[in-house]
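What follows is a single structure, written as structure tokens, with notes after it.
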Amino acid sequence: MMSIRRQLLLGLMGAMLLCVLGAGVSLYHVLLSETNELADLQLRQLAAALPHEFAPDSGLPVAEDPEEEFVLQAWDDDGHAQSLVLGRQELPRYAVRGFSMAMVDGEPWRLYGESRRGHYVQVAQRMAVRDALAVSMALRAGAPLLLFGALLAVLIVVVVGRALRPMRRLAQAVEGRTPDALTPLPTQDMPPELRPVAQALNGLMQRFEVALTAQRTFVADAAHELRSPLTALKLQLQLVERAGSDEARQVALAKLHERLDRGTHLVRQLLSLARHETPLGAAQRRQVDLGLLLEAAVADHSALADSRNIDLGVEAPAQVVIVADADGLRVLLNNLIDNALRYTQPGGKVDLQTAWENCRPLLRVRDNGPGVAAEYRARLFDRFFRPDGQQVWGCGLGLSIVRNIADHHQADIVLSEGEAGRGLCVTVWFKTP
């Protein structure tokens, strides 16, 4: 793509060249008009300056200057030529009154004729002489114009270079930045045209800094959380190796499998959290039927619900269609259902619902388990946070993933008590389409 500097220079130089050419053409036409007027006046003056007595070969000299190259002729009343010629060519008699044009040997001539003292006088001049004179005068008059045009071209180059200097400084300032140096660019001394660009770059660097901070926090938290399961796996493996009997070995292997499941779940949740931290793109959004999403989620979790004797179903199904990321909503719903099934006692109940309330679509997961104390609800979305007294194992990332996905959809999450003051109800309110 052509640079801005080149576009400016080509545009300004082209405009200047067109203006100079237009001025030159206008000057030529003005000078040609003036030349024609002066030359016509000369034709009349030459006709008026003829001697009172016409005699053959009156001795008028042949013009040496092209500007004075005229043909003067006279005829008497009987049509006899008086042989009074000034120039290098003799023309036929045209018998015109006043000014006229004639073609002689393919060349245009300007004629002036009048009758005086019993004679017809005809004065003529080639138009090429006038054109050459106008061109010569235009070149002499246009020489300063060309000089000023060249000077203007130099000034254009200098001015464009100085005008683009702040842009080069801005590019150098951005190019010299590192991921660890994301301080805002100073905008006080910038031209007004570059200030929005610098402010946009500052906003972008601020978002980069937030993303890098979140990434560093995520890596630190993940390293911290993975350290304990890996240490526990190593200790459990040592217990398997040291087992003195087959029964002890089987118990130790069962514990090892349990810890492997926990580690696998933690890694899976960490990967899901990292994947859903990035904002949604326009290509990821499409129409999603929340009712069908709930039915698919019930089918996916029915085996786990049956194994724990938990009643899992869809309450008051309704067709609610929103524009969203279907994969993200599936992960959100799976985490909510997984938490509800994990913490609800055997024989409990988990209801899923989608509906329109207050002119907004919602997605709701409600259980009748032990619930969460009100003082802990505000921290449930923090990474790796788990309320005290939990007997069910988990990693504390499920609701963090839910929060990220909801934020990308500009949705609100409300935590409340379940039915009859028991359990937990999680409602995701989406924005109005």
Side-chain angles (χ1 to χ4, degrees), residues 1-27 142-223 270-271 273-285 323 325 328 382-383 400 403-411 431:
M1 185 177 180
M2 190 180 299
S3 65
I4 297 178
R5 175 187 175 87
R6 182 171 296 180
Q7 291 182 34
L8 286 174
L9 289 177
L10 289 179
L12 293 175
M13 293 293 188
M16 182 199 67
L17 182 60
L18 287 177
C19 290
V20 170
L21 290 177
V25 171
S26 299
L27 180 62
L145 185 63
L146 296 176
L147 178 62
F148 282 114
L151 179 60
L152 182 59
V154 175
L155 291 177
I156 286 175
V157 174
V158 174
V159 170
V160 169
R162 289 178 61 87
L164 294 179
R165 193 176 300 167
M167 189 175 294
R168 289 196 298 270
R169 288 199 298 265
L170 177 61
Q172 292 170 357
V174 174
E175 185 179 6
R177 295 299 179 99
T178 63
D180 297 327
L182 296 177
T183 55
L185 296 167
T187 59
Q188 293 81 6
D189 299 332
M190 287 187 179
E193 293 79 8
L194 283 182
R195 205 164 293 159
V197 178
Q199 292 172 352
L201 287 174
N202 287 338
L204 180 62
M205 288 191 291
Q206 185 178 5
R207 291 192 293 273
F208 278 159
E209 187 173 7
V210 172
L212 288 174
T213 302
Q215 185 181 24
R216 295 189 188 102
T217 304
F218 173 79
V219 172
D221 292 344
L270 286 171
L271 293 176
L273 180 63
R275 184 171 64 252
H276 292 286
E277 279 191 335
T278 57
L280 293 177
Q284 296 175 268
R285 297 180 182 271
V323 177
D325 173 28
D382 295 342
R383 294 176 181 175
S400 297
R403 167 65 75 184
N404 285 343
I405 298 174
D407 289 343
H408 295 331
H409 288 83
Q410 300 179 5
K431 65 178 183 178

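When reading the values below, keep in mind they use all heavy atoms of this one structure, side chains included, and skip hydrogens, waters and symmetry mates.
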Which residues pass the side chain to side chain contact (heavy atoms under 4.5 Å, CB included) test with [X], not counting sequence neighbours?
| X | value |
| --- | --- |
| Leu164 | Ile4, Arg5, Leu8, Val160, Met167, Arg168 |
| Ala23 | Leu145 |
| Val25 | His29 |

| Least distance between heavy atoms, Asn202 atom then Leu185 atom |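 Here Asn202 and Leu185 meet closest at OD1-N, 2.6 Å.
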
| Which residues share a side chain to side chain donor-acceptor pair (under 3.5 Å) with Gln410, sequence neighbours left out |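 Counting only residues at least two positions away or on another chain, Gln410 forms a side chain to side chain donor-acceptor pair (under 3.5 Å) with Lys431.
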
| task | Quick one: pull up CD1 in Ile156 and CG in Leu151 and give me the separation to the nearest 0.5 Å. | result | 10.0 Å

Going by atom type alone, with no hydrogens or angles, which donor-acceptor pairs under 3.5 Å involve a side-chain atom of residues 191-201 and a protein atom two or more places apart or on another chain?
residue, atom, partner, partner atom, Å
Arg195, NE, Thr187, O, 3.3
Arg195, NH2, Met190, O, 2.7

